[in-house]
Amino acid sequence: MGVGGEAAAADAAAVSAPAAEEAGKDGAEGWLVQMRLNKYVVLIWVLTAAFVWALLHRYFRNAVISKAEEGLVSMCEERARMLQDQFAVSINHVHALAILVATFHYEKHPPALDQDTFADYTARTSFERPLLSGVAYAQRVVHADRESFERQQGWIIKTMKHEPSPVQDEYAPVIYSQETVSYIEGLDMMSGEEDRENILRSRASGKAVLTRPFRLMSNHLGVVLTFPVYRDDLPPDAKVEDRVAATAGYLGGAFDVESLVENLLRQLAGNQELVVNVYDVTNNSNPLVMYGSEVPLGNPSPSHTSTLDFGDPYRKHHMICRYRNKPHVPWSAVSTPSGVFVIFMLVGYIIFAAWSRYDNVKEDCRKMEELKKQAEAADVAKSQFLATVSHEIRTPMNGVLGMLDMLLDTDLKSTQRDYAQTAQVCGKALISLINEVLDRAKIEAGKLDLESVPFDLRSILDDVISLFSSKSRDKGIELAVYVSERVPEILLGDPGRFRQIITNLVGNSVKFTERGHIFVQVHLADHSNLATEAKVEPVANGMNGHKDETTAVATGVSRNTLSGFEAADSRNNWENFKLLLSYEKNEMPYESVSDKVTLVVSVEDTGIGIPLDAQGKVFTPFMQADSSTSRTYGGTGIGLSISKCLVEIMGGQINFVSRPHVGSTFTFTAVLQKCDRSAISDSKPVMLHPLPSNFKGLSALLVDRRPVRATVTKYHLQRLGITSEVVATIESALGVLSGRNGHSLASMKLPCMLLIESDSWSSRMDVSLRSRLLEVKQNGHTPVLPKIILLAAAESDKLKANYAVDSVITKPLKASTLAACLFQALGITQTQPSQEKRDSSGSLRGLLLGKNILVVDDNKVNLRVAAGTLKKFGAKVECVDSGKDALALLQIPYKFDLCLMDIQMPEMDGLKATRHIRAMEAKVNEQADAGDDSEADGAARAAKWHLPVLAMTADVIQATHEECTKCGMDGYVTKPFEEKQLFQAVQKFLDPGMSS
């Protein structure tokens, strides 16, 4: 703001100050009135909330107490009913004993019942009467029969105090008793006043009669049940005189009431909540406790009384139940009213605070808007940083790869060509590593898209093998790849991303493997046994069959694997591999209604494995097993995370099986599309690596004792058109050549080469093998001696000097290396690849031939590379190193057909130069439109000026591409650009068919 603006603001502030002060006074008075009113409103609000709280609390409390009383009534009545039922069952058992005594003692002559029989029977059937502590039978004896009775029994009748019974009208001595109450035998049950009354009542009524509760020998409270025994059956309405006359004795049983109630309550739920008391209330003024503690009947806690009917009409019993503790007032009776109270308060507070928070919200919105702008600026800075770093690294790599490409166009020996191709592959891999960090940013932003172009899967795998061949040889580990015959030759997908996944997985395996092998397999998902679900090895003895990680080491036993070392996934064995091979040989060629092809790719190694506690974070970005991993093996821990994201974008999934000190096997699926060679058009070019056809029809004999490794070698020979047969030893090979021991070469021609694995060779075989081959030739079995070729992981020149062999093929095997070595060993003239390359690039040559192209770049090496590449395809190239020089050459009418312009240049960058070009074209086109209607002007208007300008950038982020489009560029070519990308970029501008 200027001085004038500040003065105006001061004047406005001075004018508004009095008005603001007056408004402030009015606002203060109104605020005081509002505050007084608010006090009354708040007081009324609080009182109302408190009244509602009290009403709700009383409602909930009464509801809980009412529910508790209902539950108490239900539980008490249930217990009373069950107690009566169990007591009735016991009375029935006593009644049954009375009938038994009447039947076998009085109706049998002589009686069939005596003391021993009674005691034995009652003891054996006591399980039916668990609540009776004992039963006994007392015979009715009148005084006139006392003497003869005592003489017959051999003892005199005694009272309860064990004294001779005094003279009375009749007696009731116990003659039969259960063993548990045998001490009452001979005692007169009528010697006690209460017992006498009970006996008289029972025989008069014919029903069971109970005594008042008393302490049993077990110190439990109990009662005695007395039941009359009649000689004759009496009708239910028999008179008292008839019952007395027919009475023969009395059967009694002692009931343990406490045990009865205790067993009952133990069976029922909620026993811990209730206190149960059983009373004999025959005398209301003095109730007797039959079970439970002495608790006043008038206890203020809620209680319920249930009447008990034990079958004795004279005695009355009650069960009183109450809660052990008073029913607690539920928390809801306090929390709910309190919650309502709090809600009342909060509503008032919210209304009061809403307006005061309004200004704060506006301030927060302003701060958030400011933070948003800062975040956007940081994002722009991040994008600019990534673009700068990408450009500064990729620019010199453009020169390296461009020079290598130009070197490969010269005449090279096969070994030199292989070295140059390997260097080129390594350079491209470095570019891909640079892209990983950028890929992670794209994945996080959700802006990573996949290409859909034809590619040769086997060539990609060969490139990956070349990338890691040197490291695998240095470590002495087997590195091999096998692709199923049923996998289509050409697939439609994103070759760069597929290569990136394989490179990450193989790179990790090479990094963490010191012995054994690394084996890459590719099969169709239809028949592959390699599941992508995590496989758990048997854990009968601990971790994966081991007690702990320190014992989970590879055994010394040779395995049927590529190198003989144990693999982490037990499914990757020779048996399963052989099963997959049988599918390839026996089944029809791969045909599917769908165009989709699901591949299963596994990368198996015998490295250090992954610790169990680190397996859960393998795919977490920037995470490694521990902090020492990065120091020991290097790496950032981002490769597996990116690989997992790429696999999922391809419609597949990735998982692994790992055993510490044994190795790891990573398996992933990828959904691609089939693509026939006939469907490949110029609009969809595919970069193939054609293999030489010079070896078709040749045959070889392979000596290898490992079946998996032999299958891999056969796979590479088959790609060159060479048929082969495998034997385990050199002796077997000589037998095959000579036709001995039943060996035959009927299935193939005479081999022109003998391939021997280094571990099947020994120095003592040099002379003997040569001499024996000469014998085979002299015997006429083979007209020409086969070339002896050794397969080894060491340097070929050293081995060739040490062993008497014709050639040494250095592992890891790949088709191009194998072909180069066989050309030299067999003396076959190699077809010049330059012609093939010219044929494959004919379409691009047709576009660029004779075209004038301007290349603008401040880097001299890049200018040289771009000019060399374009001139190779017949273009006329002119180079300048700045935007200003480009504008000086680009004057209308143009003499150039196309302009390739770098973005980042000093003085004037490519974006600014393009804007100048488009502004110049717009001005000329406007003048042409405003001119007269002459034929020349009409022609000018018909063909408006527009020079195709393509950005030649080392930035690969989306923001740079969008900026190129905004400034008026027609497309871009990423440095280092390849033939395929260049063709796609210039086709729509230079192809007459496309432009028409």
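These numbers come from the heavy atoms of this one structure, side chains and all, not from hydrogens, waters or symmetry mates. Along the sequence shown, the residues carry numbers beginning at 1.
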| query | Do Val597 and Gln673 pass the side chain to side chain contact (heavy atoms under 4.5 Å, CB included) test, and can you show the C-alpha distance, the side-chain angles, and the key distance before you say yes or no? | reply | CA-CA 5 Å; Val597 176; Gln673 288 185 333; over 6 Å; no

Is the closest side-chain heavy-atom distance between [X] and [Y] below 4.5 Å?
X	Y	result
Phe468	Thr503	yes
Lys471	Lys511	no
Leu408	Gln421	yes
Leu479	Val506	yes
Phe823	Pro692	yes
Phe656	Ser664	no
Val855	Leu870	yes
Leu720	Leu822	yes

| task | For the residue pair His523 and Tyr482, categorise the inter-ring angle as parallel (less than 30°), tilted (30 to 60°) or perpendicular (more than 60°). | result | tilted

| message | Can you tell me how the ring of Phe455 sits relative to the ring of Phe498, calling it parallel under 30°, perpendicular over 60° and tilted otherwise? | response | tilted

| request: Have a look at Val487 and tell me which of Leu457, Val600, Leu672 forms a side chain to side chain contact (heavy atoms under 4.5 Å, CB included) with it. | output: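 The residue from Leu457, Val600, Leu672 that satisfies side chain to side chain contact (heavy atoms under 4.5 Å, CB included) with Val487 turns out to be Leu457.
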
| field | Residue among Leu579, Leu562, Thr711, Thr561 satisfying side chain to side chain contact (heavy atoms under 4.5 Å, CB included) with Trp574 | value |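 Going through Leu579, Leu562, Thr711, Thr561 one by one, the side chain to side chain contact (heavy atoms under 4.5 Å, CB included) with Trp574 is satisfied by Thr711 alone.
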
Restricting to non-hydrogen atoms, name the atom on [X] and the atom on [Y] that form the minimum distance, rounded to 0.1 Å.
X	Y	value
Pro488	Arg458	O-NH1, 3.4 Å
Ala670	Met650	CB-SD, 4.2 Å
Arg709	Asp704	NH2-OD1, 2.7 Å
Ala815	His716	N-ND1, 3.9 Å
Pro495	Val453	CD-CG2, 3.4 Å
Gly868	Met406	CA-CE, 4.2 Å

Rounded to the nearest 0.5 Å, what separates atom [atom1] in [X] from atom [atom2] in [Y]?
X	Y	atom1	atom2	answer
Arg706	Asn560	CZ	CG	8.5 Å
Glu478	Asp605	CD	CG	14.0 Å
Ile518	Thr606	CD1	OG1	7.5 Å
Ser484	Leu524	OG	CG	5.5 Å
Lys644	Ile501	NZ	CD1	12.0 Å
Asp456	Cys675	CG	SG	11.0 Å

| said: As a quick check of understanding, evaluate side chain to side chain contact (heavy atoms under 4.5 Å, CB included) for Val986 and Leu950, giving each step before the final call. | reply: CA-CA 8 Å; Val986 304; Leu950 299 181; 3.8 Å; yes

Please answer whether the main-chain N or O of [Y] pairs with a side-chain N or O of [X] as donor and acceptor at a distance below 3.5 Å.
X	Y	result
Ser724	Ala700	no
Ser472	Ser469	yes
Glu451	Gly493	no
Thr869	Val865	yes

| field | side chain to side chain contact (heavy atoms under 4.5 Å, CB included) evaluation trace for Gln653 with Thr669 | value | CA-CA 6 Å; Gln653 53 182 323; Thr669 58; 4.0 Å; yes

| task | May I ask you to say whether Asp897 pairs ionically with Lys851, meaning some side-chain N is under 4.0 Å from a carboxylate O? | result | no

| query | Does a side-chain N-to-carboxylate-O contact under 4.0 Å join Asp405 and Lys872? | reply | yes

| Where do Phe668 and Leu505 land on the side chain to side chain contact (heavy atoms under 4.5 Å, CB included) test, with the steps shown first? | CA-CA 10 Å; Phe668 71 90; Leu505 296 180; 3.7 Å; yes

| Criterion side chain to side chain donor-acceptor pair (under 3.5 Å) on Asp569 and Thr665, from CA distance to verdict | CA-CA 6 Å; Asp569 194 342; Thr665 301; 5.2 Å; no

| request: Please test Arg719 against Asp462 for salt bridge (Lys or Arg N to Asp or Glu O under 4.0 Å), starting from the C-alpha separation and ending with a verdict. | output: CA-CA 12 Å; Arg719 292 181 63 192; Asp462 284 347; 2.8 Å; yes

| field | Ser602 and Thr667: CA distance, side-chain angles, deciding distance, side chain to side chain donor-acceptor pair (under 3.5 Å) verdict | value | CA-CA 4 Å; Ser602 73; Thr667 306; 5.1 Å; no

